[in-house]
Amino acid sequence: QVQLAESGGGLVQTGGSLRLSCRVSGGTFSTYSMAWFRQAPGQDRDFVAAIARSSGGTYLADSVKGRFTISRDNTKNTVYLQMNSLKPEDTAVYYCAADPEGVVAGQAERYDYWGQGTQVTVSS
């Protein structure tokens with residue numbers, strides 16, 4: 001059974017930084033493409049970033065380009081989201097997701113496995 005566990009969320013002031021981690025267990029992490037999504041209260045779940053299985057390709061939402069970076073460590077079965085220059089509009093629950101087919105995409109329905117989410121709150 002594939003399980004994803006996010007960590008690293010919290011409360012930060014505008015302009016601050018956080019690094020989210022998502023550890024995958026029970027599957028073959030190195031074969032999965034991985035992604036981060038976020039969902040603010042009353043909003044749809046939005047794509048944030050995705051990374052290919054080999055870390056050769058990344059894909060970022062326009063709203064986070066230049067501020068967020070996605071990376072992975074296949075030796076640790078972990079994907080990261082480095083978030084810098086945070087804004088109040090980044091406040092959301094952040095979810096990591098895995099696609100066993102290894103496709104890098106921004107559509108949530110492509111991803112078969114999801115974590116429980118971690119709260120990020122950016123104060124103004």
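We use all heavy atoms of the structure for the numbers below, so side chains are in, but hydrogens, waters and symmetry mates are not.
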Would you give the length of the straight line joining atom [atom1] of [X] to atom [atom2] of [Y], rounded to the nearest 0.5 angstrom?
| X | Y | atom1 | atom2 | result |
| --- | --- | --- | --- | --- |
| Thr91 | Gln119 | OG1 | CD | 7.0 Å |
| Thr58 | Lys65 | OG1 | NZ | 9.5 Å |
| Leu86 | Gln13 | CG | CD | 11.5 Å |
| Arg38 | Phe47 | CZ | CZ | 11.0 Å |
| Met34 | Leu81 | CE | CG | 11.5 Å |
| Ser33 | Arg110 | OG | CZ | 7.5 Å |

What are the two closest heavy atoms between [X] and [Y], and how far apart are they?
| X | Y | result |
| --- | --- | --- |
| Ser85 | Ser17 | N-OG, 4.3 Å |
| Ser124 | Pro88 | CB-CG, 3.9 Å |
| Leu60 | Ala49 | CD2-CB, 3.3 Å |
| Val2 | Leu4 | CG1-CD1, 3.8 Å |

Given 3.5 Å as the limit, does a donor-acceptor pair link the side chain of [X] with the main chain of [Y], or not?
| X | Y | value |
| --- | --- | --- |
| Arg45 | Tyr95 | no |
| Tyr59 | Ala52 | no |
| Thr78 | Arg23 | no |
| Asp99 | Glu101 | yes |
| Glu6 | Gln116 | yes |
| Asn77 | Gly27 | no |

>> A cation-pi test, strictly: NZ or CZ of Arg19 under 6.0 Å from the centre of the six-membered ring of Tyr80 and no more than 45 degrees from its axis. Yes or no?
In response: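 Cation-pi check for Arg19 and Tyr80: passes.
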According to a 4.5 Å side-chain heavy-atom criterion applied to Ile, Leu, Val, Met, Phe, Trp and Tyr, with indirect links allowed, do [X] and [Y] form part of one hydrophobic cluster?
| X | Y | result |
| --- | --- | --- |
| Tyr111 | Val79 | no |
| Phe37 | Leu20 | no |
| Val24 | Tyr113 | yes |
| Val48 | Leu18 | yes |
| Trp36 | Val122 | yes |

> Can you find a heavy atom in the side chain of Phe29 that is under 4.5 Å from one in the side chain of Thr75?
Replying inline: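 A side-chain contact is absent here, since even the closest heavy-atom pair is not under 4.5 Å.
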> Any side-chain heavy atom of Ser123 within less than 4.5 Å of one from Thr121?
Replying inline: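 Side-chain contact under 4.5 Å: no.
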> Is the shortest distance from a Lys or Arg side-chain nitrogen in Asp90 or Lys87 to a carboxylate oxygen in the other one below 4.0 Å?
Replying inline: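 Answer for the salt bridge query: no.
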